[in-house]
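One structure below.
For the numbers below, each heavy atom of this structure counts, side chains included, while hydrogens, waters and symmetry mates do not. Since the structure is predicted, the reported quantities are computational estimates derived from the model, not experimental observations. Numbers here are sequence positions counted from 1.
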Amino acid sequence: MLRQAKVFRDNQVVQERIMDSNDLERERGITILSKNTSITYKGTKINIIDTPGHSDFGGEVERVLNMVEGVLLVVDSVEGPMPQTRFVLKKALEFGHAVVVVVNKIDRPTARPEFVVNSTFELFIELNATDEQCDFQTVYASGIKGKAGLSPENLGDDLGPLFEAILRCIPEPRIEKDGALQLLVSNTEYDEHKGRIAIGRLHAGELQRGMEVKVCTPDDACRISKISELFVYQNFSRVPVDNVSAGDICAVCGINDIMIGETIADKVSGTPLPTIKIEEPTVRMSFSINTSPFVGKEGKYVTSRNLRDRLYRELERNLAMKVEDGETADTFLVSGRGTLHLTILIENMRREGFEFMIGPPKVINKTVDGKLQEPYEIAAVEVPEEYMGSVVELLGKRRGQMVDMQPSGPEGTTLLKYKIPTRGLIGLRNAVLTASRGTAILNTIFDSYGPWAGDLSSRDQGSLVAFEDGSTTSYALLNAQERGILFVSPGQDVYKGQIVGIHQRPGDLAINVCKKKAATNVRSNKETTVVLDEALSYSLDDCIEFIQEDELVEVTPASIRMCKNPKVSKKNR
């Protein structure tokens, strides 16, 4: 869309997925933050906001939905609407937005557009869409070829039919051009020179540079501020302007204490707009300072004050997150939408030079009418038939209830749908991949709160724990690998209490991985070469899913280690 709207020069080098601009988004291939840009088509300016599809980042979607008049719902021509699509679509339908459905990748050999449109229609009905919303316009497109059309067989030469559908189906902004100034802040950015920048859509009135305005929320007192600079979005850059009229998305500088959800209003007669409502978080983790013997060797920020400042700074733009002080001065409880939501924060902090420890994820329960309730999710697993038995057994052990089972797209694949407690999902992804030899695809989406499901068994095997501080030797690891699967290879520094592997049986086992071969009675015959198994390499996500109640993940810019929590271990003894 950007290329055909002549946003770039003809000879300009454009990187793949240009909207996913931060490193983590590029590495993982997902959108994490909402970003906006604009294009001009036949004299009409179209503002586009790219939002994440994962329900973990639902807060990003909820705060920008009041800036738009309609949505493009992009679905794959083979897979149809994915479970994560439900969440974002549900929010858009609740706002009453018009929807244009784009069936993408229509040139795939196994494309089944009719099935995809029907399943999208069923999803609309499930989500209580109005009759007008259910009568959606469908556009068939091939993003890679840059073509679109109103029927799968008859694609145009470019994306013209898609742009025409946007102009035809999505209404112009509902605004009051001559009303009192109102702008709801939906996002904030920080600039070294300009300070904090507020981004939002002007709902009414006109905004001018140098103007004095009132900043207010529905329940608090207001304060007066002055606007120093104004920008609008054009193509891929911010362009300075002197005034902005209602309906456009703009960036405002000069109000250094502005927060997301506040309203910039007319100084005399301005009234605040309702603030942005965000769903409650479902998962909580504890963040604490690093207490391992290797503290401070790799990170720059290690004190509790650094950690506290960084976490509270995250709250300014990450609306779906909550931070509370923990039991001790150096522990903080961070709540989010899911483990992925929190893992992204941890990964970002790690790259900024922070060193800290994280406890295992815990779900946030509620008490309703004296009864304990916990969050449930819908898990959809696509699995080849030969591995179905082991996957069904796994989900059953974790208190999952089968909701639906049907054959899926490719031959011999079955789609299983389960309603399962969020507790049961922690660590499930790895277990499902192991059971299906890497062939299963797992998607989850928050469903609702339901009655407490009882105790769950999450991990059958214990941990192998290092016996003493030191450097690992191949001689010691040869004996240790008979006890289970190891995380360490020879020559690595370990400390007492560090988890160095997975025990093959339940219960933990302390092993010596630093033992050196006694050099007495050395004969001239050459020492036999030691053949060691490949060490398991766990990512941050894997570690968080692996640890149990009495274990912690130690995160530093250079490494991720797991260890026993000394405070918990002492209590248990």
[X] side chain to [Y] main-chain N or O, any donor-acceptor pair under 3.5 Å?
| X | Y | value |
| --- | --- | --- |
| T343 | T339 | yes |
| R350 | T556 | yes |
| D542 | S539 | yes |

Assess whether a salt bridge exists between [X] and [Y], defined as any Lys/Arg side-chain N lying under 4.0 Å from an Asp/Glu carboxylate O.
| X | Y | value |
| --- | --- | --- |
| D325 | R308 | yes |
| D76 | R108 | yes |
| E298 | R561 | yes |
| E262 | R223 | yes |
| E212 | K226 | no |
| R201 | E69 | yes |
| E352 | K300 | no |
| E374 | K366 | no |

Does a donor on one side chain and an acceptor on the other come within less than 3.5 Å for D107 and S142?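 S142 and D107 do have a side-chain donor-acceptor pair below 3.5 Å.
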Can you tell me if S292 and E554 form a side-chain donor-acceptor pair at under 3.5 Å?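 A donor-acceptor contact under 3.5 Å links the two side chains.
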Once the angle between the rings of Y312 and F332 is folded into 0 to 90°, is it parallel (under 30°), tilted (30 to 60°) or perpendicular (over 60°)?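 Because their plane-to-plane angle is over 60°, the rings of Y312 and F332 count as perpendicular.
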In terms of heavy-atom contacts, does CZ of F136 have more than 12 from other residues, nucleotides or ligands at under 6.0 Å?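 It does: F136 CZ has more than 12 such atoms within range.
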Do the side chains of I264 and I258 get nearer than 4.5 Å, heavy atoms only?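 SC-SC contact between I258 and I264 confirmed.
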Before you tell me yes or no, could you show the steps for T303 and N306 under side chain to side chain donor-acceptor pair (under 3.5 Å), namely the whole-Å CA-CA distance, both residues' side-chain angles and the distance that decides it to 0.1 Å? CA-CA 5 Å; T303 64; N306 295 141; 2.8 Å; yes
How close do G70 and H97 get, heavy atom to heavy atom, and via which atoms?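 In terms of heavy atoms, the two residues are closest at CA-CB, 4.0 Å.
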Closest approach of R196 and N256, non-hydrogen atoms and distance?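 Shortest heavy-atom contact: N-OD1, 3.5 Å.
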How far does CD1 of I544 sit from CD1 of I346, to the nearest 0.5 angstrom?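 Those atoms lie 4.0 Å apart.
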Look up atom CD1 in I125 and atom CG in L123, then write down how far apart they are to the nearest 0.5 Å.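 Going from CD1 on I125 over to CG on L123, the span is 10.0 Å.
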Tell me whether the centres of the aromatic rings in F546 and Y538 are closer together than 6.0 Å.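 F546 vs Y538: aromatic centres under 6.0 Å.
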